[in-house]
Amino acid sequence: MNPRIIIALALALTCNLSFSATLDGCVVRVADGDTVTVELDNGKRERIRFEGIDAPESTQSYGRKSRENLIDLLKTYGSCVTVEYERRDNYGRIVGKVISGGVDLNLEQVKSGSAWVYRNYLKNLSPADKARYIAAEVSARNRDAGLWIEPNPTAPWIYRRSKR
């Protein structure tokens, strides 16, 4: 076998290859600030969980406002979206970046103070998205935007743990 081919194969096997998929559809339901249902062209519906962020639960302080902010974003940029994703979660939802009108809605939720950066899942974001999301959260905190107006807001993952 050609040594160049062997080297190329070895390099390919050691690289962190990422296979991304996309889907296009229109949002037909907003469950909360980080989960929507999208209807595809073929009529199939997929639940989408926003990658890298965690919005307050609907029963949690600011939960309703987070959902309303996402609805407003969809009205502003359009309810038809592209979802870039690599995986499904334990509930079968597609976990991905939701883009509408060229705008990253995951990032917009963080910028407005409607969601936290979900640090437990930062490894799933690109380095550029990690930096953007973290900077957006710091900015929202510094501006007391959205949920950050509260002195000590409870992160959703802590809230959920306390309800078990």
Between Ile53 and Ala115, the two heavy atoms sitting closest are CD1-CB, 4.0 Å

Notebook entry, point to check: So, for Pro156 and Ala55, which heavy atoms are closest and what is the spacing to 0.1 Å?
Noted result: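 Nearest heavy atoms, Pro156 then Ala55: CG-O, 3.2 Å.
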
Who pairs with Ser58 by side chain to side chain donor-acceptor pair (under 3.5 Å), at least two apart in sequence or on another chain?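 With sequence neighbours excluded, Ser58 shows a side chain to side chain donor-acceptor pair (under 3.5 Å) to no residue whatsoever.
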
Residues at least two apart in sequence or cross-chain that pass side chain to side chain donor-acceptor pair (under 3.5 Å) with Arg132, listed by chain then number, are Asp129

Q | Summary of disulfide bond (SG atoms under 2.5 Å apart) pairs that have at least one residue in residues 113-164, sequence neighbours excluded | A |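 Not a single pair qualifies under disulfide bond (SG atoms under 2.5 Å apart).
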
### Message
Once disulfide bond (SG atoms under 2.5 Å apart) is applied, what residue pairs with a partner in residues 50-164 remain, sequence neighbours excluded?
### Response
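Applying disulfide bond (SG atoms under 2.5 Å apart) to every pair that reaches into residues 50-164, excluding sequence neighbours, yields Cys26-Cys80.
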
* Evaluate the criterion side-chain contact (heavy atoms from CB on, under 4.5 Å) for residue pair Ile48 and Val98; output intermediate values, then yes/no. => CA-CA 8 Å; Ile48 311 297; Val98 181; 3.8 Å; yes

Item to check | Flag for Ser61-Glu150: side-chain donor and acceptor within less than 3.5 Å | outcome: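 Side-chain D/A pair, Glu150 to Ser61: present.
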
Task: Glu84 and Ser20 side chains, donor-acceptor separation under 3.5 Å - done: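 Note: Ser20 and Glu84 side chains miss the donor-acceptor criterion.
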
Gap between atom [atom2] of [Y] and atom [atom1] of [X] - 0.5 Å precision:
X      : Y      : atom1 : atom2 : value
Asp144 : Ile149 : CG    : CD1   : 6.5 Å
Leu73  : Leu105 : CG    : CG    : 5.5 Å
Ile94  : Arg88  : CD1   : CZ    : 4.0 Å

Sorted by chain and residue number, the salt bridge (charged side-chain N to carboxylate O under 4.0 Å, His left out) partners of Arg119 (sequence neighbours excluded) come out as Glu137

Q) Which one of Lys97, Lys123, Arg87 satisfies the salt bridge (Lys or Arg N to Asp or Glu O under 4.0 Å) criterion with Glu51? A)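 So, applying the salt bridge (Lys or Arg N to Asp or Glu O under 4.0 Å) to Glu51 and each of Lys97, Lys123, Arg87, only Arg87 qualifies.
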
[X]: which residues meet the side-chain contact (heavy atoms from CB on, under 4.5 Å) condition with it, sequence neighbours left out?
X      : answer
Ser112 : Asn69, Gln109, Ser114
Lys75  : Ile71, Asp72
Asn42  : Leu40, Lys44
Ala31  : Arg29, Thr35, Arg47

- prompt: Can you tell me if CG on Asp41 sees more than 12 non-hydrogen neighbours from other groups inside 6.0 Å?
  reply: no

Subject >> Contact list for residues 55-71, test salt bridge (Lys or Arg N to Asp or Glu O under 4.0 Å), sequence neighbours left out >> reply: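 Every pair satisfying salt bridge (Lys or Arg N to Asp or Glu O under 4.0 Å) with a residue in residues 55-71: Glu57-Arg160.
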
Look at the side chain of Ser66 and the backbone N and O of Gly63, then say whether any donor-acceptor pair between them is shorter than 3.5 Å.
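Side chain of Ser66 to backbone of Gly63, a donor-acceptor pair under 3.5 Å: no, none is there.
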
message = Using modelled atom types and a 3.5 Å cut-off, is there a donor and acceptor pairing between side-chain atoms of Ser100 and backbone atoms of Gly78?
response =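 Checked: pair present.
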
Are Tyr159 and Val110 joined in one hydrophobic group, where the rule is that I, L, V, M, F, W and Y side chains link up if heavy atoms are under 4.5 Å apart?
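They do not share one cluster, since no chain of ILVMFWY contacts under 4.5 Å joins Tyr159 to Val110.
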
Grouping ILVMFWY residues whenever side-chain heavy atoms fall under 4.5 Å, the cluster of Trp148 otherwise contains Tyr62, Trp116, Tyr118, Tyr121, Leu147, Trp157, Ile158

Besides Ile99, the hydrophobic cluster formed by Ile, Leu, Val, Met, Phe, Trp and Tyr side chains linked at under 4.5 Å, directly or via other members, contains none

Verify side-chain contact (heavy atoms from CB on, under 4.5 Å) between Phe50 and Asp104, making sure each step is shown before the conclusion. CA-CA 10 Å; Phe50 286 42; Asp104 178 349; over 6 Å; no

Given the options Leu23, Asn124, Val95, Tyr85 meets side-chain contact (heavy atoms from CB on, under 4.5 Å) only with Leu23

The residue among Asn106, Asp54, Leu122, Leu107 that forms side-chain contact (heavy atoms from CB on, under 4.5 Å) with Val117 is Leu122

Q.
Between Val81 and Val27, does the side-chain contact (heavy atoms from CB on, under 4.5 Å) criterion hold? Intermediate values first, please.
A. CA-CA 7 Å; Val81 298; Val27 174; 4.0 Å; yes

Next item on the list: Apply the test side-chain contact (heavy atoms from CB on, under 4.5 Å) to residues Val28 and Val38: give CA-CA distance (whole Å), side-chain angles for both, the deciding distance (0.1 Å), then the verdict.
Entry: CA-CA 6 Å; Val28 293; Val38 172; over 6 Å; no

